Amino acid sequence: MSFGKGCHLHLIDGSAFIFRAYHALPPLTRKSDGLPIGAVAGFCNMLHRYVEGNTGPDAPTHVAVIFDYSGKSFRNEMYDLYKANRPPAPEDLVPQFPLTRDATRAFNIACKEVEGFEADDIIATLAHQARDAGGRCTIISSDKDLMQLVGGGVEMLDAMKNKRIDVDGVREKFGVGPERVVDVQALAGDSVDNVPGAPGIGIKTAALLINEFGDLESLLDRAEEIKQPKRRQTLIEKRDQIELSKRLAQLDCEMELDFSLEDLEVQEPEADTLLGFLGEMEFRTLLKRVADQLGVEAPAIAEPSAAEGAGSSEELAPIDPDAYECVRDASALESWIAQSYARGYVAVDTETNSLNEMVAELAGICLSVETGSACYVPVGHKKGANDDLFGGEELQPGQMGLNDALALLKPMLEDPSVLKIFQNAKYDCKIFKRYGIDVAPIDDTMLLSYAMHAGEHNHGMDALSERYLEHTPIPIKTLLGTGKSAITFDKVPIEDAVKYAAEDADVTLRLWKIFKQRLHSKKVTTVYETLERPLVPVLAEMEMHGIKVDRDTLSRMSNAFAQKMAGLEAELYELAGHEFNVQSPAQVGAILFEEMALEGGKKTKTGQWSTPADVLEDLAATHDFAARVLDYRQLQKLKSTYTDALQEHINKDTGRVHTSYVQTGANTGRMASSDPNLQNIPVRTEEGRRIREAFVSEQGKTLISLDYSQIELRILAHIAEIDALKEAFRDGQDIHAMTASEVFGVPMDEMTGEIRRRAKAINFGVIYGISGFGLARNLRIPRGEAQDFINRYFERFPGIRTYMDSTKEFAKEHGYVQTLFGRKIHTPEINAKGPRASFAYRAAINAPIQGTAADIIRRAMIRMPAAIKGLPMKMLLQVHDELIFEVEDDAIEDAIGAARDVMQGAAEPAVKLDVPLIVDAGRGQNWAEAH
DNA sequence: CCTGTCACG
DNA sequence: GACGTACGTGACAGGG
């Protein structure tokens with residue numbers, strides 16, 4: 001039904017609903033798991049009451065709930081202090097925001113938000129569209145900023161007072177008609193939104209002036225005529241500020257929206273969806289009321305004791321690869337897209353011809369909106385493989401055009417009201433991004449699993465499917481083969497691809513249903529919503545941007561290394577008296593421990609000689625052979641892993657290297673970097689550090705590097721509550737020297753490098769779950785001596801021992817440990833017997849510290865895009881406690897300031913650390929200089 | 001494909 | 001009483 005005369009559009013100010021609900025209700029939590037749920041409960045009650053009230057001739061024909069998009073809007077570009085004095089949303093409200101979107105969809109009401117715009121702008125645009133189409137519009141809000149829209153069929157409704165606001169109502173509030181409201185606001189300003197206005201002028205005076213002069217422009221032009229001297233002066237001097245205020249107050253009523261009024265038609269809620277959501281939230285009263293009204297039985301709400309369990313694979317359709325559909329034309333695809341809109345969510349999976357997202361081309365896309373049902377849309381399957389002679393680039397028949405399919409999918413994939421569900425969303429999002437599609441919002445089964453089960457198992461789809469669905473997906477190898485004869489996915493016959501690919505979407509959707517439900521009972525909703533989900537687009541952007549690497553620098557170094565290695569090789573043959581493979585530990589060991597008959601050789605479990613660096617280092621003092629092997633190995637490592645391999649990773653099109661971050665890479669919350677790993681570029685030796693000279697900035701730009709100083713020790717001081725450490729950090733002392741002074745009783749002014757070095761080793765040892773053996777090996781001192789150090793350390797800082805003991809007890813009892821931000825790291829082996837338990841114990845000591853640091857830098861990364869918007873800088877890399885940016889030369893100071901502010905404040909407001917977080921910064925034309 | 005080695009925080 | 005141990009990663013080469 002098209003929108004026109006006789007139609008009535010309701011626009012609900014979603015944010016106003018949320019905040020009113022939040023403040024109106026006590027901090028309710030869900031009974032089964034303690035998830036804060038008060039605002040969602042109030043929101044649902046308000047929506048329900050609203051829907052109930054929609055009867056009679058005045059009922060809307062179209063409706064939407066409009067939300068503010070989190071982050072900054074275009075107004076911040078006009079004025080960076082816009083809304084700057086707003087405190088951040090309360091911590092227990094943040095995880096409820098996405099749930100209010102879910103609630104809206106559950107009521108089958110359109111749910112809209114647009115990045116870079118405020119809800120008010122969307123409302124303005126839609127209200128104008130409705131008015132221009134000859135229909136009516138009611139804005140359900142009491143926000144005075146929206147009053148400029150009233151008139152010509154547009155009214156407001158204050159839902160609290162149940163009072164309609166028409167042109168007269170606006171006049172009552174502002175003293176002028178809606179068309180002059182912006183002028184009054186420009187003068188009066190707004191302390192809530194931090195709009196400056198004209199100092200000393202409020203709404204009353206502003207209305208007086210506007211009514212006298214007609215409009216703001218005339219007023220400002222003729223300001224000289226004002227009698228009151230103070231007022232006249234203000235208007236003349238603050239003209240710029242007033243004009244800025246007007247632009248800030250003016251709503252954008254000509255936004256380009258990717259949906260139209262027709263899409264907002266009122267729909268009846270679907271009983272299953274709505275009751276399912278209310279049941280999941282455990283809103284017992286509302287659930288019963290809604291069920292009664294719909295004339296169905298209210299589903300039972302699981303009692304807390306029954307929350308655990310394999311999962312609710314109740315009446316899921318069986319997984320049947322033959323049930324999947326192959327979509328070959330536009331009308332079939334449109335039908336799937338329509339279903340996605342109707343549901344409000346869709347599982348999506350892409351198939352490509354490469355695992356490298358920067359070069360991969362789409363072979364096909366699958367969608368699933370209902371378990372047991374899925375489709376595959378082939379768009380790039382080529383002949384070849386079997387009939388390879390001339391088939392190389394020729395497409396298999398029966399496929400939609402790539403561009404046609406994407407044109408149909410793009411609006412849905414970008415629509416804020418349709419949740420796109422992926423397994424490893426970052427991969428698919430990057431693929432779509434390269435085809436000009438910005439997928440949002442997303443959910444990710446891999447990240448859901450990681451948030452709930454880190455330390456318990458891996459989070460790949462096959463493992464998850466086996467574990468939670470008791471189903472083994474078709475192995476990709478059966479389609480692609482292995483080794484040299486393997487083909488790429490685009491060469492797979494479409495009929496085979498349908499079964500494999502669509503099954504993946506089906507499995508993803510099934511996993512999502514199970515995980516979404518369990519997330520709350522595992523009490524990691526906040527972790528998922530604040531530390532995992534928002535990081536996906538941030539990482540995707542960093543990866544796609546990449547960092548420039550200079551091939552010539554690497555290639556020159558490679559040649560130099562090769563020459564040196566050849567020299568060392570000859571020398572080693574000479575020393576050994578014969579030729580051998582220097583790269584074989586077994587052969588090196590045989591020469592050292594058999595031919596030269598040296599002591600101290602150990603064998604590996606496979607019976608080969610073992611020749612690790614620390615053993616060779618002991619021998620190197622007296623034996624050139626060992627020293628040369630070490631030299632050779634270092635060069636070999638640098639050459640093969642860095643100077644040679646890195647060149648292969650330079651992207652042909654961009655000239656840059658694009659790593660890929662594995663968000664679930666480490667159980668502690670750290671990430672891993674791969675293809676290539678840019679988190680282990682050498683820095684400790686001079687020769688290795690030079691590799692960083694190949695990582696360069698573009699012409700006219702500079703690399704800046706900001707790293708947290710001693711972040712893990714600071715976190716230890718906070719968590720274990722070590723007052724002496726805390727004070728030392730507050731006073732900016734040399735923390736290792738201070739430790740040395742305390743433990744070894746040496747006054748600070750008599751400190752020697754050696755004593756400080758030992759204290760430093762102990763400090764790090766504590767973070768790793770110290771043992772006498774480990775410390776002894778690290779410091780190369782007898783084990784008894786190392787144990788003495790540790791004992792003295794514990795005597796001086798008894799809090800450390802308490803922390804270690806209580807952490808161990810917690811892990812033994814619960815099977816996991818936690819970071820300050822609620823991330824859980826499971827330690828299933830903590831109750832094992834033997835050395836495995838020792839490993840688990842030390843990991844349990846380390847995980848809260850390493851994990852809290854990881855959480856903090858994640859928070860910084862998530863906030864970074866909004867904080868540096870407007871500055872000519874890009875975030876390129878993360879190395880656990882360091883962020884690297886590329887910035888235009890004339891903005892270096894601003895860039896460092898902005899990034900440092902975000903990093904140093906990243907723990908807050910969730911956690912207030914007892915120690916300051918300090919960030920050091922460096923800059924340069926290459927990474928070696930910047931670090 | 002697994003193991004040993006070594007690069008990083 | 002002996003044993004084996006610092007925490008977290010990824011890439012490469014050798015060898016079966």
Side-chain angles (χ1 to χ4, degrees), chain A residues 454-455 482-483 581-589 602-617 629-630 632-646 648-649 659-662 664-685 687-689 691-692 707-708 710-713 716 761-779 783 786 790 817 825 827 833-851 853-854 857 877-882 931:
Chain A
T482 54
N581 185 350
V582 187
Q583 303 194 79
S584 165
Q587 293 181 35
V588 169
K602 289 216 173 96
K603 291 198 171 174
T604 66
K605 13 183 172 179
T606 54
Q608 300 289 328
W609 285 110
S610 166
T611 58
D614 55 350
V615 171
L616 296 189
E617 272 161 26
V629 170
L630 282 171
Y632 183 93
R633 279 194 186 166
Q634 192 200 0
L635 294 174
Q636 160 70 19
K637 182 76 176 181
L638 294 175
K639 182 171 187 295
S640 66
T641 309
Y642 301 107
T643 56
D644 287 350
L646 263 177
E648 305 300 312
H649 283 283
T659 185
S660 184
Y661 290 99
V662 190
T664 57
N667 290 333
T668 53
R670 272 198 186 174
M671 292 184 294
S673 157
S674 69
D675 309 294
N677 181 354
L678 295 188
Q679 290 181 324
N680 72 344
I681 304 300
V683 72
R684 290 173 189 168
T685 65
E687 205 146 37
R689 188 157 52 238
I691 293 179
R692 294 185 176 222
D707 68 291
Y708 284 105
Q710 309 281 13
I711 187 168
E712 292 191 354
L713 272 179
L716 174 71
I762 302 177
N763 276 334
F764 280 106
V766 167
I767 292 172
Y768 297 150
I770 198 158
S771 75
F773 181 92
L775 184 64
R777 198 175 65 168
N778 189 296
L779 285 177
R783 193 179 152 175
I790 294 171
V817 291
I825 298 104
T827 56
K833 293 269 177 282
R836 296 155 74 87
S838 306
F839 273 122
Y841 163 68
R842 288 190 298 272
I845 301 292
N846 172 260
I849 302 168
Q850 187 182 112
I857 198 166
L877 302 178
Q878 189 248 40
V879 191
H880 307 310
D881 66 353
E882 174 188 16
H931 183 76

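Note on naming: letters A, B, ... go to the chains in the order of the sequence lines (proteins, then strands), and numbering restarts at 1 for each one. Note that the structure is predicted; figures quoted are calculated from it, not measured.
- Computed from coordinates, the A:L638 CG to B:dT5 P distance equals 18 Å when rounded to whole Å.
- Contact check, A:R684 against B:dG9: a side-chain N or O comes under 4.0 Å of OP1 or OP2.
- Among the atoms of the strands shown, none is found under 4.0 Å from any heavy atom of A:G769.
- A:Q587 contributes a side-chain N or O that, together with a main-chain N or O of A:N581, makes up a donor-acceptor pair within less than 3.5 Å.
- Nucleic acid contact for A:R783: base, since at least one base atom lies under 4.0 Å from a heavy atom of the residue.
- At C:dT5, none of the side-chain N or O atoms of A:R842 fall inside 4.0 Å of OP1 or OP2 (strictly under the cut-off).
- For DNA chain C, the stems formed by at least three consecutive Watson-Crick or G-U pairs, with both atom-pair distances below 3.5 Å, span B:1-9 with C:7-15.
- Rounding to whole angstrom units, OH of residue A:Y642 and P of B:dC8 are separated by 6 Å.
- Checking C:dG8, C:dA6, C:dG15 against the side-chain heavy atoms of A:H880 singles out C:dG8 as nearest.
- Taking 4.0 angstrom as the limit, A:R670 places none of its side-chain polar atoms (N or O) nearer than this to OP1 or OP2 of C:dT9.
- Nucleotides C:dT5 and B:dT5 are separated by 13 Å at their P atoms, to the nearest Å.
- Per the geometry, CD belonging to A:Q634 stands 16 Å off C1' belonging to C:dC12, to the nearest Å.
- Listed candidates were C:dG10, C:dG15, B:dT5. Nearest to the side chain of A:P585 is B:dT5.
- Rounded to an integer number of Å, the gap from CG of A:D644 to C1' of B:dA7 is 15 Å.
- A donor-acceptor pair shorter than 3.5 Å cannot be found between the side chains of A:R777 and A:S771.
- In this structure the side chain of A:V615 never reaches within 4.5 angstrom of the side chain of A:S610, judged on heavy atoms.
- No side-chain donor-acceptor contact under 3.5 Å links A:S674 and A:S660.
- The closest side-chain heavy-atom distance from A:T659 to A:N677 is not below 4.5 Å.
- Side chains of A:L616 and A:R633 form a contact here, defined as non-hydrogen atoms less than 4.5 Å apart.
- In this structure, A:P682 and A:Y642 have side chains that are in contact, with non-hydrogen atoms separated by less than 4.5 Å.
- Atom P of nucleotide C:dG8 and atom CD of A:E882 are separated by 22 Å, given to the nearest angstrom.
- When heavy atoms are screened at a 4.0 angstrom cut-off, A:D881 is found touching the sugar-phosphate backbone but no base atom.
- The side chain of A:S771 sits closest to C:dA6 out of C:dA6, C:dG8, B:dC8.
- Within the 4.5 Å cutoff, no side-chain heavy atoms of A:V879 are placed close to those of A:L678.
- A:S584 comes within 4.0 angstrom of the backbone, heavy atoms only, and of no base.
- Among the protein residues, A:V662 comes within range of no part of the nucleic acid, since none of its heavy atoms lies under 4.0 Å from any strand.
- Relative to the side chain of A:Y768, the nucleotides B:dC8, B:dG9, C:dT9 differ in distance, and B:dG9 lies closest.
- In this structure, the CG atom of A:D675 is 10 Å from the P atom of C:dG10, given to the nearest Å.
- Taking side-chain N and O atoms only, A:S640 has no distance below 4.0 Å to OP1 or OP2 of C:dA11.
- Look at A:N680 and you won't find any side-chain N or O under 4.0 angstrom from OP1 or OP2 of B:dC6.
- Summarising the geometry, the separation between NE2 on A:H931 and C1' on B:dA7 is reported as 14 Å, rounded to the nearest angstrom.
- In this entry the distance linking CD1 of A:I681 with P of C:dT9 reads 19 Å, nearest Å.
- Between A:Q583 and C:dA13 there is no side-chain N or O to OP1 or OP2 distance below 4.0 Å.
- Distance alone, capped at 3.5 Å, is enough to place a donor-acceptor pair between the A:R692 side chain and the A:I681 backbone.
- Two residues, A:S838 and A:N846, neighbour DNA chain C, and the one matched to the more 5' nucleotide by heavy-atom proximity is A:S838.
- Listed pair A:T611 / B:dT5 meets the phosphate criterion, a side-chain N or O lying under 4.0 Å from OP1 or OP2.
- The side chain of A:I770 approaches C:dA6 more closely than any other nucleotide in the set C:dA11, C:dA6, C:dT9.
- Listed candidates were B:dA7, C:dG14, C:dC7. Nearest to the side chain of A:K637 is B:dA7.
- Note on A:A854: nothing from the nucleic acid sits closer than 4.0 angstrom, heavy atoms only.
- For A:S673, no side-chain nitrogen or oxygen approaches OP1 or OP2 of C:dT9 to under 4.0 Å.
- Remark: the A:R836 side chain and the C:dT5 base include no donor-acceptor N/O pair separated by less than 3.5 Å.
- Across all strands shown, A:Q587 has heavy atoms under 4.0 Å from sugar-phosphate atoms exclusively, and none from any base.
- If you take atom P in B:dG4 and the same atom in C:dA6, they sit 14 Å apart, rounded to whole Å.
- No engagement by A:A776 is indicated, since no non-hydrogen atom pair under 4.0 Å with the nucleic acid exists.
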Could you go through the side chain to side chain contact (heavy atoms under 4.5 Å, CB included) check for A:T643 and A:L638 one step at a time?
CA-CA 6 Å; A:T643 56; A:L638 294 175; 5.6 Å; no
